[in-house]
Amino acid sequence: MKGFRLDGSWPAVMVVALFLLIPLTTLPGLFDFFFVVLMVATAVLAVLIVVSIATSRGRREEHSSGGM
């Protein structure tokens, strides 16, 4: 996971992708499929947000304790 970069514009891209997928749920017969896709994408977004908060908090604590 060290090679996985969490900075950048990925939160905005994920939110835009979610809003672009929402109109596809109105297609006849495809609501269930796109609902599952939206739920998976939302879960991935939530996990990425939690991981990025945890890594930034860890870096901040490492940086503040490293100065002593």
Side-chain angles (χ1 to χ4, degrees):
M1 184 127 160
K2 290 187 180 212
F4 189 65
R5 296 186 49 95
L6 294 172
D7 55 347
S9 63
W10 64 265
V13 171
M14 286 291 289
V15 170
V16 168
L18 288 174
F19 280 110
L20 290 176
L21 281 175
I22 288 173
L24 295 175
T25 61
T26 62
L27 295 174
L30 291 178
F31 177 78
D32 293 334
F33 173 74
F34 283 110
F35 184 75
V36 170
V37 170
L38 286 171
M39 290 301 106
V40 169
T42 304
V44 168
L45 180 62
V47 167
L48 287 174
I49 289 172
V50 169
V51 169
S52 65
I53 289 171
T55 56
S56 68
R57 188 173 287 173
R59 286 183 193 153
R60 190 174 14 170
E61 289 174 0
E62 181 181 294
H63 181 68
S64 65
S65 65
M68 288 187 181

Reference residue I53; test side-chain contact (heavy atoms from CB on, under 4.5 Å); the match among T55, V50, V51, I49: I49

L20: side chain to side chain contact (heavy atoms under 4.5 Å, CB included) partners, not counting sequence neighbours: V16

Listed partners of F35 passing ring pair (Phe, Tyr, Trp, His ring centres under 6.0 Å), at least two apart: F31

Results of side chain to side chain contact (heavy atoms under 4.5 Å, CB included) for V37 - residues two or more places apart only: L21, F33

